[in-house]
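The structure follows.
What you see below is based on every heavy atom in this structure, not just the backbone, and it leaves out hydrogens, waters and symmetry mates. Residue numbers start from 1 in every chain, and the chains themselves are labelled A, B, ... in the order their sequence lines are given, proteins ahead of strands. All values reported here derive from a predicted model rather than from experimental measurement.
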There are 2 protein chains.
Amino acid sequence: MNMIEIILKKREGSILSKQEIDFFVNGYTKGEIPDYQASALLMAIFFQKLNKEETFLLTDAMRHSGDVVDLSKIKGIKVDKHSTGGVGDKTTLIVGPIAAACGVPIAKMSGRGLGFTGGTVDKMESIPGFQTALAEEDFLALVNQNGLAVIGQTAHIAAADKKIYALRDVTGTVDNISLITSSIMSKKLASGSDAIVLDVKCGSGAFMEEEKDAAILAQMMVDIGKADGKKTIALITDMSQPLGFAVGNSLEVIEAIETLKGKGPEDITELSLVLAGYMIYAGEKATCPEEGKEMAEKALADGSALEKLRLFIEGQGGDVKVIDDYSVFPQAKNHLELFAQTSGYISKIEARRIGVASQHTGAGREKKEDMVDLSAGILLAKKLGDVVEKGSLLATVFGNDPEKIKKAAEEAIAAFTIEQRKPEKERLIHAIIS
Amino acid sequence: MNMIEIILKKREGSILSKQEIDFFVNGYTKGEIPDYQASALLMAIFFQKLNKEETFLLTDAMRHSGDVVDLSKIKGIKVDKHSTGGVGDKTTLIVGPIAAACGVPIAKMSGRGLGFTGGTVDKMESIPGFQTALAEEDFLALVNQNGLAVIGQTAHIAAADKKIYALRDVTGTVDNISLITSSIMSKKLASGSDAIVLDVKCGSGAFMEEEKDAAILAQMMVDIGKADGKKTIALITDMSQPLGFAVGNSLEVIEAIETLKGKGPEDITELSLVLAGYMIYAGEKATCPEEGKEMAEKALADGSALEKLRLFIEGQGGDVKVIDDYSVFPQAKNHLELFAQTSGYISKIEARRIGVASQHTGAGREKKEDMVDLSAGILLAKKLGDVVEKGSLLATVFGNDPEKIKKAAEEAIAAFTIEQRKPEKERLIHAIIS
C-alpha cells in the first residue's frame with residue numbers, strides 16, 4: 001500500500017477501504033507519512049467527501065491511535081457532554097454539577113485548544129488552586145466521591161486527532177463534516193463514557209453556520225456513537241449571538257456560578273436545563289428528557305447543584321471562596337466600555353466577531369504556545385432585542401494590555417447592529433437528533 | 001497576506017491575484033511556506049483549476065524564481081524544442097543536429113529527471129567522455145562554433161519548479177493542465193531561446209492520454225509563449241506505441257545515430273523531419289514548415305546533419321568513435337529475449353508498460369537519488385501492425401541485474417497484444433497548434 005495511491009484514489013472519488021484508512025491514520029500518527037501527503041489527502045477528502053462507512057472507519061482508527069480510557073471503576077452510567085464550540089458557551093460548568101446532583105456520574109476529559117476563549121480546563125484554572133492534571137486513579141476516585149471531576153486531556157487520547165487537527169488548522173481543511181465528526185467522536189469514544197449528549201451549534205459563531213449543515217453533522221455523530229453501542233443524542237442550538245453575557249475565562253466561570261445560584265441569564269439557564277435534562281435521561285435517572293429537565297430545575301432551585309460545584313472545586317484543590325467572593329478570581333488591570341452610537345433595538349450581535357474580539361483581549365489562544373489571559377474577555381451589557389438609547393453601555397472589554405483591549409474593542413463594537421425595528425427572536429433549541 | 005487564506009480562496013473557486021500567486025511561489029521557493037500548505041494549495045488547484053490568466057501569472061512567477069539565461073551572445077534566432085515526454089522519444093538527439101545543419105542555432109538546456117529512461121543529459125552521457133556540466137561561457141561559445149550544444153539544467157533555472165514538481169510527484173497533483181504548463185513553460189522561458197517548438201504527446205505512454213486534453217495543454221503553452229513575444233508552435237503527436245524500436249539510454253543514442261545516417265525507423269524519421277521543419281521555420285531559415293521539412297530531408301540525405309552530430313559530440317568531449325562503432329557504448333551484461341505466444345498481427349504495444357519495463361531494467365530513475373543504468377533498456381523487434389508467427393522475437397530486454405531484467409520482461413511482454421485482424425494505424429501527427 002502506498003500513500004500516493006491512496007491520495008489518487010480519493011482524488012478520483014473512490015471509496016477508501018478499512019486497510020487504506022488504517023494505513024493513513026497509523027502511518028501519519030507514527031510520523032511515517034509526511035505532513036505534505038496528509039494535507040493533500042485531507043484536501044482531496046474536502047472535495048470528494050467521505051461516506052458514512054469511511055467516516056466510521058476513520059473515527060475508529062483515530063480512536064484507537066492512542067490510549068482508550070477505562071471508566072468501569074466508576075459506578076453508574078457515565079454521561080459525557082460535548083459542545084461543538086461557540087462564543088460564551090460555559091454550559092459544561094453548569095450542566096456537570098446539575099447532572100451530578102441528579103445522580104449521573106460525570107467524568108469529564110477536557111482540552112485547552114485554540115479558540116475564542118480557553119477550553120474548560122483553562123476556565124476552571126481561573127479558580128486559584130484548581131488542578132486538572134490528575135492521576136487517573138485520583139480522577140476516578142473523585143468521580144465516585146463527588147459525582148463529578150474534570151481531567152486535562154492528554155496527547156495520548158486519540159493521538160492521531162491531535163496531529164490531524166493541527167494540520168487541518170493550517171491547510172484550510174477544517175470545515176468538512178466527516179473530518180469534524182471523526183475529530184470529535186474519536187476523542188469521545190476513547191474517553192470511555194457510556195452515553196454522549198452533543199450540543200451542535202449553528203449560527204454566525206459556530207463551525208456550521210447553517211442549521212441544515214449542523215443537522216448533517218449531528219446525524220453523522222449520533223450514528224457513529226450508536227454504532228458503537230452508546231446512547232447518543234444531539235441538540236442543535238443557536239449560536240447567532242453569544243450565550244449569556246460573559247465571554248472569557250474567569251468571566252464565564254462567574255456567570256456559571258451565578259447560573260447555579262439561580263441568577264443566570266435566561267438563555268444560558270434554559271439551555272443548561274434542557275441539556276442537563278437529556279444527560280439525566282441518558283444516564284437513566286429519568287424516564288424521559290422532560291422529566292430530566294424537571295429534576296434539573298429542582299437541583300438548581302434547592303441548591304444541590306451549587307453544592308456539587310463546591311465539592312467539585314474543593315475536590316480538585318480549588319479555592320471554594322470564589323463561589324461567594326468573585327474578587328478571588330484574577331482581576332483584569334484595564335477595561336474599556338463600549339457605548340451605543342444610536343438609539344433603537346439591538347438587531348444583531350455577531351457571535352463570531354465577539355469571539356474574535358475575546359481572542360484579541362488574550363482570553364483565547366491564536367497559536368498553541370500562547371498563554372491564556374484568564375482575566376481578559378468581553379462582558380456584554382445587552383442582548384438581541386434589547387432597547388438602547390444613544391450612549392447606552394453595550395459591552396465592557398477586559399484585559400491587561402491596553403493595545404490588545406483597543407484592538408478587541410474595535411472588533412467588538414462592529415459586532416453590534418442597532419435598528420429601528422424589533423428583531424425576531426431566534427429559537428434557542430432548533431432540533432433534537434437521536 | 002497569509003497562506004491559509006490563499007488556500008481557502010482557491011478551495012472556494014475564486015481567482016487568485018498576481019500578489020497571491022507571487023506570495024506562494026516566492027515564499028515556497030525560499031522555504032518560508034511549508035510543504036504541507038503548498039500541497040494543500042496544489043490539491044485545491046487540481047479541483048478548482050487555474051484560469052488562463054492565473055496560469056500566466058504562475059508561470060511568470062516560477063520563471064523569475066531563479067536565474068534567467070541570456071543567450072544574446074549567440075547569433076541568430078535560437079530555437080528550443082521540448083517534448084512532454086514519451087517512450088522511446090529520442091527526437092532531440094536527431095532534430096538538434098538537423099536544425100543546426102540548416103543554420104538554426106540550438107542552445108539546449110536539458111534535465112535528468114524521473115521517468116522511463118534518463119533525460120537527454122543522461123542519454124548523451126552514455127557517450128564516453130561526453131560532458132554536459134559546462135560553464136555558461138563555454139556553452140555559448142560552442143553554440144556559436146558548432147551551431148549546437150547541450151548543457152545540464154541547474155537548480156537555479158526556475159527554482160520554484162524544482163520544488164513544486166518534486167512535491168506534486170508525491171502528493172497526487174501531477175496531472176493538471178495549468179501545473180504542467182507552468183512547469184514546462186517557466187523553464188522554457190527562463191532558458192532564453194527566441195522560439196519554441198513543443199511536441200505534445202497523446203496516447204497510453206503520455207501524460208495526456210486523450211487528444212483533446214493534449215490539445216488543451218498545447219493551446220495553453222502556445223498562448224503563454226506567444227504572450228511572452230516568442231514564436232511558439234505545438235505539434236500533437238502519437239504516443240500510443242513507443243517511438244522507434246529503442247527504449248533506454250545508449251540504445252536510444254544508437255537509434256538516433258542510425259536515423260541521422262538515414263537508416264532510422266520510419267516513425268522516428270518522419271517525426272524528426274516534421275519537427276525539424278517547424279524548428280527551421282521558427283528560426284526563420286524557411287518561409288514555411290513544409291520548406292523547412294524539405295531542408296531537413298536534404299540535411300539528412302547529404303550527411304550534413306550527421307556531421308553536425310560529430311562536431312557536437314567532439315565539442316563536448318565525447319568519443320566520436322561511437323558514431324561508427326557502437327561497441328564503444330557501455331554494454332549490458334545480460335539480456336532476455338521475448339517471443340510471441342501466438343500468431344497474428346501486433347494490435348497493441350502499450351507505450352506506458354514498455355516505459356515501466358524500461359524503468360525496471362534500471363534505465364530510468366524511480367527516485368531522484370537513483371543511478372541510471374546507461375546500457376539497460378528494451379529493444380523492440382516489432383511494431384504495431386507487424387505480422388508475427390508463434391515464437392517470433394517481439395523484444396529484447398537489456399540490463400545488468402538478472403532480477404531487474406526478469407521483472408522488466410514480465411511487464412514488457414504484457415504490453416503486447418496479438419490479434420487476428422490487422423489493426424488501424426494511428427496517425428503520427430494529430431494536430432498543429434500555433
Side-chain angles (χ1 to χ4, degrees), chain A residues 1-14 16 20 23-24 27-29 31-50 114 160 162-177 179 207 209-210 213 352 356 359 366-368, chain B residues 1-14 16 20 23-24 27-29 31-50 114 160 162-177 179 207 209-210 213 352 356 359 366-368:
Chain A
M1 209 171 293
N2 101 41
M3 188 62 190
I4 300 177
E5 281 163 22
I6 294 174
I7 296 169
L8 288 173
K9 193 169 168 187
K10 181 44 69 185
R11 197 192 77 174
E12 300 313 315
S14 299
L16 299 181
E20 288 161 337
F23 178 86
F24 161 60
Y28 186 55
T29 308
E32 292 164 1
I33 291 168
D35 288 335
Y36 54 79
Q37 289 186 326
S39 66
L41 178 63
L42 292 169
M43 188 59 86
I45 287 173
F46 177 85
F47 281 100
Q48 295 288 10
K49 315 248 186 315
L50 295 179
L114 305 172
K162 205 179 162 76
K163 276 196 82 166
I164 294 173
Y165 190 83
L167 187 65
R168 284 167 57 207
D169 197 44
V170 293
T171 56
T173 49
V174 169
D175 45 344
N176 169 274
I177 299 272
L179 297 178
F207 253 153
E209 296 205 13
E210 301 299 327
D213 296 329
R352 183 176 299 274
V356 169
Q359 203 169 22
E366 297 187 11
K367 295 190 301 290
K368 245 182 344 195
Chain B
M1 208 171 294
N2 100 42
M3 189 62 189
I4 300 178
E5 283 163 21
I6 294 174
I7 295 170
L8 288 173
K9 194 169 166 187
K10 181 43 70 184
R11 198 193 75 174
E12 300 312 314
S14 300
L16 300 181
E20 288 162 337
F23 178 86
F24 161 60
Y28 185 54
T29 308
E32 292 164 3
I33 292 168
D35 288 334
Y36 55 78
Q37 289 186 325
S39 66
L41 178 62
L42 292 170
M43 188 59 86
I45 288 173
F46 177 85
F47 281 100
Q48 294 288 12
K49 314 246 185 314
L50 296 179
L114 304 172
K162 205 180 162 74
K163 276 196 82 164
I164 294 173
Y165 190 83
L167 188 64
R168 284 166 57 207
D169 197 44
V170 293
T171 56
T173 50
V174 168
D175 45 344
N176 168 274
I177 298 272
L179 297 178
F207 252 152
E209 296 205 14
E210 301 299 326
D213 296 328
R352 183 175 299 274
V356 169
Q359 204 169 21
E366 296 187 13
K367 295 189 301 290
K368 243 178 355 192

task = Would you mind checking which part of Leu42(A) comes under 4.5 Å of any heavy atom in chain B, side chain (CB onward), backbone (N, CA, C, O), both or neither?
result = neither

Proximity breakdown for Ile6(B) and chain A, heavy-atom pairs closer than 4.5 Å = neither

task = Mind listing the closest non-hydrogen atom pair of Val170(B) and Ile7(A) along with its distance?
result = O-CD1, 4.3 Å

Pull every donor-acceptor pair under 3.5 angstrom between chain A and chain B and give the atom names with distances.
from      : atom 1 : to        : atom 2 : distance (Å)
Arg11(A)  : NH1    : Gly172(B) : O      : 2.7
Arg11(A)  : NH1    : Asp175(B) : OD1    : 2.7
Arg11(A)  : NH2    : Asp175(B) : OD1    : 3.1
Arg11(A)  : NH2    : Asp175(B) : OD2    : 2.9
Tyr36(A)  : O      : Ser39(B)  : OG     : 2.7
Gln37(A)  : NE2    : Val170(B) : O      : 2.7
Ser39(A)  : OG     : Tyr36(B)  : O      : 2.7
Ser39(A)  : OG     : Ser39(B)  : OG     : 2.7
Val170(A) : O      : Gln37(B)  : NE2    : 2.7
Gly172(A) : O      : Arg11(B)  : NH1    : 2.7
Asp175(A) : OD1    : Arg11(B)  : NH1    : 2.7
Asp175(A) : OD1    : Arg11(B)  : NH2    : 3.2
Asp175(A) : OD2    : Arg11(B)  : NH2    : 2.9

message = Counting heavy-atom pairs closer than 4.5 Å to chain B, which one of Leu8(A), Leu41(A), Ile4(A) comes out on top?
response = Ile4(A)

